[in-house]
Amino acid sequence: MLIDFPLTPPTSNVYNISKKKNLNNYGYIEYIEPKMLKDKMKFTETYDIEKVKWLYNQSSETLKSFFYNKFELNADGEHSDFKTCEAQIRKLCMGVLKHYSKTNSNKIERKYRYATSMKAGRIYTSEFSLQSCQGELRRFLNGDFTHDVDITSCHASILKKLMVEFNDEFPAYELIEENTNLFTTLVKYEKNKDKLFEKYEFDKVSFNTALNSDIRKTNKKDKGFFTNNDFVKQFHTEKQEVYKIFYKEPKFRERYKFPTTNANNPISSFMNRVFCERENIFLQKAIRIIEEEGGVVEFPMYDGCTVVRNPELDLNKILARISEETKLKWIEKPNTSTIEIDDEC
């Protein structure tokens, strides 16, 4: 027997989204089964040992030139300084090489956990791992072994889902009717964000920063979110009004019992936790589908995961199934490193 799944399932680590087609006209109301499944929290990483050895012996200049991107955000949505990244890289290499010397294995099992004080949401390793690496480094060490798959425009797509679900359960708000422009923007962003980037001259970083900020600063020198882009300014204003409706609705807050610990950014911080909880629900569903289809998930990547390369695996078919069952678009991203080991490096 299936039970209704309004807005979101109860906060827990035991989700299982059913294959049953939803009843909503938009196709977003989901269902859960009484028999729950625990989130998968153990994964095994594979390392190219020769590359690890080479990496460990490189100078700071080489590491910074080839493997550090000052614009790339970490798991906390912040920029990492190079000294921190370098220390983490060297510690990771040392750990992998010690493991290899003891076991003669290039595979390491990692245990995952939820964020501190959380019982749901994104899962992380306690130690620095492939999940923690910046993109180029991760592809260099592991890309030959895996595919990289994820949800396109993940949090924007989840916001769109939440608007539809909320509108169905609380029609008196007329949430979509009163916020048609925002909803249309989210639809367009999910469908082809690159086209929007080009047309309105903004980028993914500014969009996501707007998505996760309560206040838009009017002075560039002030700490916090600032933009001169008219499209992003309008998006921020519109999404904040919708966030406030979610935040003030008692039933919505009852379902998402997340502590509001960010005094400077309470509403968007709360909504980000909502997004991350939903994100992991869909990720765990994807992991189960991949395994059902004979695939192996190497490690999770928040809104996606890596899948062990296997010539007998029809990854496109699997991604199509995941997209259909989660009602989110899943794609494969390039996962081949541009760095080759040679004398010039």
Side-chain angles (χ1 to χ4, degrees), residues 1-18 20-37 39 114-115 117-122 151 154-187 190 211-214 235-263 265-285 303 325-328:
M1 178 181 178
L2 296 172
I3 57 176
D4 196 9
F5 182 3
L7 292 179
T8 182
T11 300
S12 173
N13 66 335
V14 288
Y15 307 124
N16 182 26
I17 301 174
S18 163
K20 180 175 178 179
K21 291 184 178 180
N22 39 52
L23 304 180
N24 181 276
N25 291 332
Y26 294 91
Y28 295 138
I29 295 298
E30 293 132 348
Y31 294 82
I32 53 175
E33 299 172 358
K35 181 182 179 181
M36 302 296 189
L37 299 176
D39 284 353
Y114 302 110
S117 77
M118 298 293 289
K119 296 181 179 179
R122 284 184 169 179
I151 304 167
C154 183
H155 285 193
S157 297
I158 291 175
L159 174 56
K160 187 184 72 171
K161 273 178 169 285
L162 286 171
M163 288 181 69
V164 174
E165 294 168 5
F166 192 96
N167 203 56
D168 281 354
E169 185 162 0
F170 306 105
Y173 282 98
E174 296 185 335
L175 191 71
I176 295 177
E177 292 82 353
E178 294 293 328
N179 298 276
T180 303
N181 190 61
L182 173 62
F183 189 77
T184 302
T185 296
L186 293 171
V187 171
E190 182 181 48
L211 199 64
N212 291 299
S213 302
D214 284 350
F235 168 76
H236 178 266
T237 299
E238 292 170 352
K239 73 88 191 176
Q240 196 63 25
E241 290 304 310
V242 170
Y243 278 16
K244 289 177 182 178
I245 293 172
F246 288 150
Y247 193 73
K248 293 177 181 179
E249 169 52 50
K251 288 185 179 180
F252 190 87
R253 293 297 301 277
E254 178 64 21
R255 287 175 185 136
Y256 294 101
K257 297 180 180 179
F258 297 137
T260 304
T261 56
N262 191 331
N265 196 48
I267 300 176
S268 293
S269 177
F270 169 79
M271 288 303 300
N272 180 263
R273 291 191 171 188
V274 173
F275 295 152
C276 288
E277 182 187 63
R278 294 298 291 271
E279 173 189 273
N280 189 54
I281 294 171
F282 297 122
L283 171 62
Q284 294 292 334
K285 175 64 175 177
D303 61 352
E325 296 191 23
T326 61
K327 301 302 176 189
L328 292 166

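Note that the numbering runs from 1 along the sequence shown for the chain. Only heavy atoms go into these numbers, but all of them, side chains included; no hydrogens, no water, no symmetry mates. Predicted model, so just to flag it, every value in this text is computed and none were measured.
Side-chain atoms of Arg253 come within 3.5 Å of backbone N or O of Tyr247 as a donor-acceptor pair. Under the 3.5 Å distance criterion, the side-chain polar atoms of Tyr243 are matched with a main-chain donor or acceptor of Leu211. Side-chain N or O atoms of Asn262 include one that pairs as donor or acceptor with a backbone N or O of Asn265 at under 3.5 Å.
The side-chain hydrogen bond (donor to acceptor under 3.5 Å, both in side chains) test applied to Asp214 returns Gln240, Ser268, not counting sequence neighbours. By the side-chain contact (heavy atoms from CB on, under 4.5 Å) test, Thr184 pairs with Thr180, Lys188, sequence neighbours left out. Residues meeting the salt bridge (charged side-chain N to carboxylate O under 4.0 Å, His left out) test with Glu177, sequence neighbours left out: none. Qualifying ring-ring contact (aromatic ring centres under 6.0 Å, His included) partners for Tyr173, counting only residues two or more places apart in sequence or in other chains: Phe166. Shown here are the salt bridge (charged side-chain N to carboxylate O under 4.0 Å, His left out) partners of Arg273, two or more places apart in sequence or in another chain: there are none. Taking Asn272 as the reference, Asn212 meet the side-chain hydrogen bond (donor to acceptor under 3.5 Å, both in side chains) condition, with sequence neighbours excluded.
Within the structure, the salt bridge (charged side-chain N to carboxylate O under 4.0 Å, His left out) test picks out the following pairs touching residues 236-246 (sequence neighbours left out): Glu241-Lys244.
Ile245 approaches Leu175 most closely through the heavy-atom pair CD1-CD1, 3.6 Å. Of all the heavy atoms in Ser157 and Glu190, the pair that sits closest is OG-OE2, 2.8 Å. What you find for Phe246 and Phe252 is that their closest heavy atoms are O-CD2, 3.3 Å.
Considering NZ of Lys119 and NZ of Lys257, their distance stands at 10.5 Å, rounded to 0.5 Å. Remark: Asn181 CG to Thr237 OG1 distance equals 11.0 Å, nearest 0.5 Å. Remark: Arg255 CZ to Glu169 CD distance equals 4.0 Å, nearest 0.5 Å. Atoms CG and NE2, on Leu162 and His155 in that order, are 10.5 Å from each other to the nearest 0.5 Å. In this structure, the separation between CZ on Phe183 and CD1 on Ile176 is 4.5 Å, given to the nearest 0.5 Å.
Under the 3.5 Å distance criterion, with hydrogens and angles disregarded, a donor-acceptor pair is assigned to the side chains of Tyr114 and Asp39.
Across Lys285, Lys161, Lys160, a single residue satisfies side chain to side chain contact (heavy atoms under 4.5 Å, CB included) together with Leu328, and that is Lys161.
Using a 4.5 Å cut-off on side-chain heavy atoms (C-beta onward), Met271 and Tyr256 make no contact.
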